[in-house]
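Notes follow once the structure below has been shown.
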Amino acid sequence: MSTLTPADLEVWRGYGRYDQAIGALMEPLERKAIQEIRKFHELHPDCITNVSWGKDSVVVAHLTWMADPAIPIIWVPAVREDGTCYETEPSFQVRDAFLRAHPGCVYAERPGLPRNPRRGEPGWEDYMRHVKERHQDMLGEQIHDPHITGVRADESAMRRMSIRSRGLSSTKTCRPIGRWSAEQVFAYLAARDLPVHGAYAASYGGHLDRRWLRVHAIRSAISTSATHYHDIAQWEDDYFPTLCDYQPREESV
């Protein structure tokens, strides 16, 4: 990612030995996650795995492929009907690297078709005054299938409560890495040589904790991270200053 600084890259390289050491211990968790996916798939033969190409979803996509490569992997990119795309270039790079490394993967995209203006676009200020009434759940509009997801308990109190009360799988949702820590997710990516989105190295030279950086569609409505308290708008503009073209792809091989 061209906007990463030498300081960003130095900090990222510093994680390598740490990630590999933890990654060497991940096989038992890997086995349990695959078992959870297979159990859910038996109950829901029509299930899919939804991804964002962030760290958690790449791990879950890989585990899905190991469990059964015929389970479809679905991405809902933020792409308007006119083709305007709010996904970042590294998301497409991670997607392509993942698909190259996973032969037989069934993959499709369901564009989210955002209806509301994004930050900096005409109508943005009016939208922000009525954001609750006009909120659009693109993922919810496109994913109605029983689904496997990378949601984890340590991401929020609500997710911890949900996993504590419902377990890793509920009626329509499977969360095979729900009890993994962010450190374990990064370690697994390193140990299995899986592609990692450049956003996690976009730390202003280590001033931001990679655990709380997110892969998301840019020009977002939220200006400040409730978790990390960093300025998301400024972070997006610094590391992802321009929109990229939509690069659609489907695979069933």
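I143 belongs to a hydrophobic cluster whose other members, connected by ILVMFWY side-chain contacts under 4.5 Å either directly or through intermediates, are I48, I74, V76, L139.
Judged by distance alone, the side chain of H207 and the main-chain N or O of S203 form no donor-acceptor pair under 3.5 Å. For D8 (side chain) and T5 (main-chain N/O), a donor-acceptor pair under 3.5 Å exists by modelled atom type. Judged purely by atom type and a 3.5 angstrom limit, Q136 uses its side chain to pair as donor or acceptor with the backbone of L113. Remark: side-chain polar atoms of H147 are not paired, donor with acceptor, to backbone N or O of H144 under 3.5 angstrom. Judged purely by atom type and a 3.5 angstrom limit, R110 uses its side chain to pair as donor or acceptor with the backbone of Q142.
A salt bridge links R211 with D209: at least one charged nitrogen is closer than 4.0 Å to a carboxylate oxygen. A salt bridge does not link E236 to R118: none of the charged nitrogens lies less than 4.0 Å from a carboxylate oxygen.
Within the structure, side chain to side chain donor-acceptor pair (under 3.5 Å) contacts touching residues 37-46 (residues at least two apart or in different chains) do not occur. For residues 47-58, the set of pairs meeting the salt bridge (charged side-chain N to carboxylate O under 4.0 Å, His left out) definition, not counting sequence neighbours, comprises D56-R152.
Residues passing the ring pair (Phe, Tyr, Trp, His ring centres under 6.0 Å) test with F98 are W53, H102, sequence neighbours excluded. Shown here are the salt bridge (charged side-chain N to carboxylate O under 4.0 Å, His left out) partners of D238, two or more places apart in sequence or in another chain: there are none. Partners of A202 according to the side-chain contact (heavy atoms from CB on, under 4.5 Å) rule, which considers only residues two or more places apart in sequence or in another chain, are M1, L4, W235, Y239. Under the rule for a side-chain contact (heavy atoms from CB on, under 4.5 Å), the partners of V196 that lie at least two apart in sequence or sit in another chain are W12, L189, Y200. Taking Y86 as the reference, nothing meets the ring pair (Phe, Tyr, Trp, His ring centres under 6.0 Å) condition, with sequence neighbours excluded. Every residue two or more places apart in sequence or in another chain that forms a salt bridge (charged side-chain N to carboxylate O under 4.0 Å, His left out) with D96 is listed here: R249. Remark: E10 engages R13 in a side-chain contact (heavy atoms from CB on, under 4.5 Å) (not counting sequence neighbours). Applying the salt bridge (charged side-chain N to carboxylate O under 4.0 Å, His left out) criterion to R175, with sequence neighbours excluded, gives no partner residue. When the side-chain contact (heavy atoms from CB on, under 4.5 Å) test is applied to Y18, the partners found at least two apart in sequence or on another chain are I22, E183, R210.
Taking each heavy atom of L99 and C105 in turn, the nearest pair found is CD2-SG, 3.8 Å. Shortest non-hydrogen contact noted between T3 and P241 is CG2-CD, 4.1 Å. When all heavy atoms are compared, the tightest approach of S91 to S52 is OG-O, 4.4 Å. A pairwise comparison of heavy atoms in V58 and P195 identifies CG1-O, 3.7 Å as the closest pair.
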Practice task
Any chance you could lay out the side-chain contact (heavy atoms from CB on, under 4.5 Å) test for H216 and I232, step after step, and finish with the verdict?
Solution key: CA-CA 11 Å; H216 60 274; I232 290 181; 4.0 Å; yes
Practice task
Determine, stepwise, if the pair H197 / T88 fulfils side-chain hydrogen bond (donor to acceptor under 3.5 Å, both in side chains).
Solution key: CA-CA 10 Å; H197 198 289; T88 61; 3.0 Å; yes
Exercise for the section: For salt bridge (Lys or Arg N to Asp or Glu O under 4.0 Å), just list the numbers for E36 and R31, CA-CA rounded to whole Å, side-chain angles, deciding distance to a tenth of an Å, and then say yes or no. Expected result: CA-CA 9 Å; E36 191 71 28; R31 287 198 302 270; over 6 Å; no
Handout entry: Stepwise side-chain contact (heavy atoms from CB on, under 4.5 Å) check, D145 with C47
Key = CA-CA 6 Å; D145 325 66; C47 70; over 6 Å; no
Handout entry: Derivation of the side-chain contact (heavy atoms from CB on, under 4.5 Å) call for L168 and C174
Key = CA-CA 6 Å; L168 293 178; C174 175; over 6 Å; no
Practice task
Give the intermediate values and the outcome of side-chain contact (heavy atoms from CB on, under 4.5 Å) for residues W180 and V59.
Solution key: CA-CA 11 Å; W180 291 25; V59 167; 3.7 Å; yes
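Side-chain N/O atoms of Y246 and E109 include a donor and acceptor closer than 3.5 Å.
Following chains of ILVMFWY side-chain contacts shorter than 4.5 Å, one can reach L29 starting from Y188, so the two form part of one hydrophobic cluster. When hydrophobic clusters are built by joining Ile, Leu, Val, Met, Phe, Trp and Tyr residues whose side-chain heavy atoms come closer than 4.5 Å, directly or via intermediates, L25 is not grouped with F186. Both V131 and W124 belong to a single network of hydrophobic side chains, linked directly or stepwise wherever heavy atoms of I, L, V, M, F, W or Y lie under 4.5 Å apart. In the hydrophobic clustering of this structure, L43 does not group with I34; members are Ile, Leu, Val, Met, Phe, Trp, Tyr whose side-chain heavy atoms approach within less than 4.5 Å, directly or through other members. When hydrophobic clusters are built by joining Ile, Leu, Val, Met, Phe, Trp and Tyr residues whose side-chain heavy atoms come closer than 4.5 Å, directly or via intermediates, Y127 is not grouped with M138.
Under the 4.5 Å side-chain criterion, counting only non-hydrogen atoms from C-beta, F40 is not in contact with S170.
With L243 as reference, R219 is the one residue of E89, R219, E87 to meet the side chain to side chain contact (heavy atoms under 4.5 Å, CB included) rule.
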